Amino acid sequence: SVSAGYMDAAMRFLSHEPLYDPEASGGFLYLPTFAAIYAPLSLFGLTVGDLIWRAFSLGLLAFAMLRVVRQFRPRCEVLELYGLALLIGLIGAAGAIRNGQSTTLLTAMTLLAFDAAYDRRFAKAAAWATLAIVAKPLGIVVWLLVGGTRPAALPWLVGCLAIALAIPYAYGDWGYVNILYAQFVEVIRYISPDMPQGESCADFVAILTALDIPISHLAAYGVRAVAAIATFAVAWWLMRHGDYLRAALLPATLACSYMLLFNPRAETNTYILMAVPFGLLAAYMLRETRQFLAGSVVVITCVALGTGAMGRWVMDTFDPWSKPLLLVIALVVCAMALLRNKPNTSTAG
């Protein structure tokens, strides 16, 4: 479990001890705000604090998924579609849930940010997008996509981010917090796309490595830059539609996909970001649009995300290159199945 690391960081924050090692690529890689928000849980001790953390993380994820299913206004029972989505996504999400990773919260907040943006509740969208950054710095992708595609949300986004960054200062020692932010910037610079690719990384480079195709750091950086522009363009186009599927869930899925394929620190457990939104899409295709072939393919890709749980031999054979490959397959199938015809969902966005 990584919860012990979160608890340790929170207690070091309260004791005004260093949080970061700017020369290390591991350790605590979150904003000081994360430690400040987690600090109250340290009052309950590791065991109870961990239980509260996990209950909150799972509860928010369950709420976000239920919110999406209800927005579909399905012809079948809401709980039927919801239960099927949970069943499909569970195996691929289990690793991150078991470890207590904040990626569980990032997944939930991504869905809720785009859900709120669809309903033009920009204050809520900004709050969820900002909390996504607090949960994991990678959440900046969500923040930028919401701000870029919904300019009316920008003042709220800036305001929420300012509040989030100011939270650690409420604990007192401003000089200590200033040092933390300076070290955080150093750490983020060190783990930029120019860092050497480790064996645990599961971004698009993992596929090239498995195929013995070399790629320079500069070329990888260029691919990520082009992908960022393409992701924004597609998200902007999708969010111009009136139906919830294309204007909310698909942009959220696209954001999750970018955070996996083009994040140089993507790990196999990070693929909860794939399991949950694609689990929702697979359930929708199977129960609402009756696209059984496409839905079945996406189900298989979501379930296959859990191959690491089948043993060391399977993990060594298929990880990490299988994860980005499964994501590409699911993306292509969903694009072909869901973008051809106007989906039968709500149009009051």
Side-chain angles (χ1 to χ4, degrees), residues 31 33-34 37 56-74 78-79 81-82 85 102-167 231-259 273 276-277 279-281 284 288 338 342-349:
L31 281 167
T33 307
F34 185 98
I37 291 177
F56 176 74
S57 300
L58 284 174
L60 189 64
L61 181 62
F63 168 74
M65 294 181 70
L66 182 59
R67 171 71 185 174
V68 170
V69 171
R70 283 178 171 168
Q71 286 277 54
F72 280 151
R73 298 182 183 176
V78 168
L79 290 182
L81 188 61
Y82 179 58
S102 64
T103 315
T104 306
L105 286 177
L106 174 60
T107 308
M109 290 163 181
T110 300
L111 293 174
L112 291 170
F114 283 95
D115 172 81
Y118 170 78
D119 284 336
R120 300 188 181 280
R121 295 174 299 162
F122 297 129
K124 283 189 176 181
W128 288 123
T130 301
L131 286 172
I133 300 176
V134 174
K136 213 162 190 174
L138 187 59
I140 190 67
V141 172
V142 180
W143 196 93
L144 290 173
L145 278 177
V146 171
T149 55
R150 301 293 193 189
L154 281 173
W156 293 104
L157 286 164
V158 173
C160 286
L161 184 59
I163 293 172
L165 294 177
I167 287 175
T231 299
F232 173 78
V234 176
W236 186 90
W237 174 73
L238 286 170
M239 293 175 77
R240 304 280 78 79
H241 291 80
D243 59 89
Y244 184 82
L245 177 76
R246 289 190 284 187
L249 181 55
L250 286 183
T253 304
L254 194 62
C256 290
S257 300
Y258 179 85
M259 289 188 283
L273 283 166
V276 172
L280 288 163
L281 289 173
Y284 175 81
E288 289 298 298
L338 296 173
K342 183 177 178 62
N344 183 27
T345 60
S346 66
T347 58

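The shown structure was predicted, so the numbers you read here are calculated from the model rather than taken from an experiment.
The closest side-chain heavy-atom distance from Leu254 to Tyr258 is not below 4.5 Å. Within the 4.5 Å cutoff, the side chain of Val78 has heavy atoms near those of the Leu66 side chain. Phe56 is listed as a side-chain neighbour of Leu105, based on a closest heavy-atom distance under 4.5 Å. By the 4.5 Å heavy-atom criterion applied to side chains, Leu61 and Ser57 are not counted as neighbours. You'll find the side chain of Leu281 reaches within 4.5 Å of the side chain of Leu250, heavy atoms only. By the 4.5 Å heavy-atom criterion applied to side chains, Met65 and Val276 are counted as neighbours. Residues Tyr284 and Leu338 form a side-chain contact, since some pair of their non-hydrogen atoms from C-beta on lies under 4.5 Å apart.
With sequence neighbours left out, the ring-ring contact (aromatic ring centres under 6.0 Å, His included) criterion links Trp237 to His241. When the side chain to side chain contact (heavy atoms under 4.5 Å, CB included) test is applied to Leu161, the partners found at least two apart in sequence or on another chain are Thr130, Ile133, Trp143, Leu165. Every residue two or more places apart in sequence or in another chain that forms a side chain to side chain donor-acceptor pair (under 3.5 Å) with Thr103 is listed here: Lys136. Leu79 is linked by a side chain to side chain contact (heavy atoms under 4.5 Å, CB included) to Tyr82, counting only residues two or more places apart in sequence or in another chain. Listed by chain and residue number, Thr33, Ala36, Ile37 satisfy the side chain to side chain contact (heavy atoms under 4.5 Å, CB included) test with Ile167 (two or more places apart in sequence, or in another chain). The side chain to side chain contact (heavy atoms under 4.5 Å, CB included) search around Ala248 returns Tyr118, Tyr244, not counting sequence neighbours.
Smallest separation of non-hydrogen atoms from Leu157 and Gly147: CD1-CA, 3.3 Å. The two residues Leu238 and Pro251 have their closest heavy-atom pair at CB-CG, 3.9 Å. Of all non-hydrogen atoms in Ala108 and Ala64, the two that sit nearest each other are O-CB, 3.7 Å. Residues Leu106 and Ala135 share a closest heavy-atom pair of N-CB, 4.1 Å. Closest approach of Ala125 to Ala113, counting heavy atoms only: CB-O, 3.6 Å. The minimum heavy-atom distance linking Phe122 with Arg150 is given by the pair CE2-CB, 3.9 Å.
Of the candidates Leu245, Leu81, Leu249, Leu112, Leu249 is the only one forming a side-chain contact (heavy atoms from CB on, under 4.5 Å) with Val68.
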Exercise. Should Trp128 and Leu111 be marked as a side-chain contact (heavy atoms from CB on, under 4.5 Å) after you check the CA-CA gap, both sets of side-chain angles, and the distance that decides it?
Worked result: CA-CA 9 Å; Trp128 288 123; Leu111 293 174; over 6 Å; no

For this session: For the pair Leu145 and Met239, evaluate side-chain contact (heavy atoms from CB on, under 4.5 Å) and give the outcome as yes or no after the intermediate values.
Result: CA-CA 10 Å; Leu145 278 177; Met239 293 175 77; over 6 Å; no

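Atom-to-atom distance recorded for Met259:CE and Thr231:OG1 is 10.5 Å, nearest 0.5 angstrom. Here Leu60 contributes atom CG and Arg67 contributes atom CZ; the two are 13.0 Å apart, rounded to the nearest 0.5 Å.
Applying the salt bridge (Lys or Arg N to Asp or Glu O under 4.0 Å) definition to pairs two or more places apart or across chains, those involving residues 121-131 are Asp115-Arg121, Asp119-Arg121.
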